[in-house]
Amino acid sequence: MQDAENDRSGAQQPPEPRPASTVVLLRDTGQGLETLLLKRNKALMFAGGLWVFPGGALEPDDLAQANGDVLLASRIAAAREAWEESGLRPELGEMVLVSHWTTPVAEPRRFATWIYAAPVAKDMQVVIDGGEIHDHLWVGVTEAIERHARGELSILPPTYVTLCTLASYSTLAELLIEERNS
């Protein structure tokens with residue numbers, strides 16, 4: 001009998017992606033949409049030192065709260081992670097799914113990640129822990145793209161593509177309507 005980790009040729013199978021989710025926290029400004037980016041501790045193995053949206057892996061409690069519904073659990077996890085990493089909690093009903101990404105098979109740590117967008121009030125205070133998250137930045141979506149292009153803002157490809165997608169919207173209302181209908 002073959003080892004479950006190996007195929008018939010003896011090559012090791014890629015690791016199964018771990019379910020994860022993230023949420024792009026957004027607010028309207030006079031210059032367009034603004035988003036919250038968090039800078040991960042550079043000592044972390046995954047995305048250390050990079051600017052990210054709040055997020056992380058689904059936990060058993062997320063799945064239990066969602067009665068085993070993985071999509072609902074991803075929404076719950078994204079809101080929980082936002083709270084843990086930034087002190088901001090988006091409303092589950094206001095979150096819209098904008099994309100889903102799976103880490104390439106060549107990567108040793110793989111995630112299947114749902115990416116949501118959600119509005120937050122302008123007056124909400126960001127609170128970071130100084131452990132996993134070392135800094136935060138409210139930045140215009142277009143400005144974030146430009147800063148990344150200049151090498152001033154290190155981000156992962158899914159973050160970049162998400163920012164490019166969101167840059168096509170002028171307001172939160174427009175984004176929420178269009179993404180709910182797509």
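Everything numeric here is computed off the predicted structure, so don't read it as measured data.
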> Does any non-hydrogen side-chain atom of Ile115 lie less than 4.5 Å from one of Val24?
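Yes, their side chains come closer than 4.5 Å.
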> Looking only at heavy atoms, which two atoms of Leu33 and Thr171 are closest? And how far apart?
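Taking every non-hydrogen atom into account, CD2-C, 3.7 Å.
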> Minimum heavy-atom separation for Gly56 and Glu81, please, with both atom names.
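The answer is N-CG, 3.5 Å.
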> Mind listing the closest non-hydrogen atom pair of Ser170 and Asp28 along with its distance?
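In terms of heavy atoms, the two residues are closest at O-OD1, 4.4 Å.
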> Is a donor on one side and an acceptor on the other found under 3.5 Å between the side chain of Thr29 and the backbone of Glu34?
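Judged by distance alone, no pair lies under 3.5 Å.
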> Nearest heavy-atom pair of Pro90 and Ala118: which atoms, and what distance?
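Smallest interatomic distance, heavy atoms only, reads CB-CB, 3.6 Å.
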> For the atom pair OG (Ser86) and CD1 (Ile128), what is the distance rounded to the nearest 0.5 Å?
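CD1 of Ile128 is found 10.0 Å from OG of Ser86.
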> How long is the span from the CG atom in Leu153 to the CD1 atom in Ile145, to the nearest 0.5 Å?
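Leu153 CG to Ile145 CD1: 10.5 Å, rounded to 0.5 Å.
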> Would you say the side-chain atoms of Arg27 pair up with the backbone N or O of Lys122, donor to acceptor, closer than 3.5 Å?
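Pair found, side chain donor or acceptor close to backbone of Lys122.
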> Mind checking whether Val23 and Leu25 have side chains closer than 4.5 Å, heavy atoms only?
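Contact flag for Val23/Leu25 side chains = yes.
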> Taking the side chain as every heavy atom from C-beta outward, state whether Pro158 and Thr113 have any atom pair closer than 4.5 Å.
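Not touching, per the 4.5 Å side-chain cut-off.
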> Can a cation-pi geometry be assigned to Arg75 and Trp114, taking NZ or CZ under 6.0 Å from the six-membered ring centre and within 45° of the ring axis?
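Because its charged atom misses either the 6.0 Å distance or the 45° angle limit, Arg75 does not stack over Trp114.
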> Going through the checks in order, is the side-chain contact (heavy atoms from CB on, under 4.5 Å) test met by Val98 and Thr165?
CA-CA 9 Å; Val98 293; Thr165 299; 5.8 Å; no
> Is there side-chain contact between Thr103 and Pro17, with at least one heavy-atom pair below 4.5 Å?
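With C-beta onward as the side chain, the pair stays apart.
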> Are Val141 and Leu26 close enough that some pair of their side-chain heavy atoms sits under 4.5 Å apart?
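Side chain of Val141 against side chain of Leu26, heavy atoms only: contact under 4.5 Å found.
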> Is the side chain of Asn181 donor-acceptor paired with the backbone N or O of Ile177 at a distance under 3.5 Å, no angle test?
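Pair found, side chain donor or acceptor close to backbone of Ile177.
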> Only counting residues at least two apart or in another chain, list the ones meeting salt bridge (Lys or Arg N to Asp or Glu O under 4.0 Å) with Glu84.
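Counting only residues at least two positions away or on another chain, Glu84 forms a salt bridge (Lys or Arg N to Asp or Glu O under 4.0 Å) with Arg80.
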> For Arg18, which residues count as a salt bridge (Lys or Arg N to Asp or Glu O under 4.0 Å) partner, sequence neighbours excluded?
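Arg18 satisfies salt bridge (Lys or Arg N to Asp or Glu O under 4.0 Å) with no residue once adjacent residues are dropped.
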> Quick one: does Ile155's side chain get under 4.5 Å of Val52's, heavy atoms only?
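No, every pair of side-chain atoms sits at 4.5 Å or beyond.
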> Measure from the side-chain N and O atoms of Asp129 to the backbone N and O of Glu132, and report whether any donor-acceptor pair falls under 3.5 Å.
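Yes, because the side chain of Asp129 sits within donor-acceptor range (under 3.5 Å) of the backbone of Glu132.
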> If you define the side chain from C-beta out and look only at heavy atoms, does anything of Lys39 sit under 4.5 Å from His136?
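Not in contact.
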> Charged N to carboxylate O under 4.0 angstrom, Arg110 versus Glu16?
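Answer for the salt bridge query: no.
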> A quick test of your reading: do over 12 heavy atoms of other residues, nucleotides or ligands sit less than 6.0 Å from CH2 of Trp138?
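Counting neighbours around CH2 of Trp138, more than 12 heavy atoms of other residues, nucleotides or ligands fall under 6.0 Å, so yes.
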> Heavy-atom count check: over 12 atoms from other residues, nucleotides or ligands less than 6.0 Å from Gln125 CD?
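Counting neighbours around CD of Gln125, 12 or fewer heavy atoms of other residues, nucleotides or ligands fall under 6.0 Å, so no.
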> How long is the span from the OG atom in Ser168 to the CD atom in Glu178, to the nearest 0.5 Å?
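Reported value, rounded in 0.5 Å steps: 8.5 Å.
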> Closest heavy-atom contact between Pro15 and Glu107?
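Scanning both residues completely, I find the closest heavy atoms to be CG-O, 3.9 Å.
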> What are the two closest non-hydrogen atoms of Phe53 and Thr35, and how far apart are they?
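It is CE2-OG1, 3.8 Å.
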> Do the side chains of Ser99 and Thr162 get nearer than 4.5 Å, heavy atoms only?
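Contact flag for Thr162/Ser99 side chains = yes.
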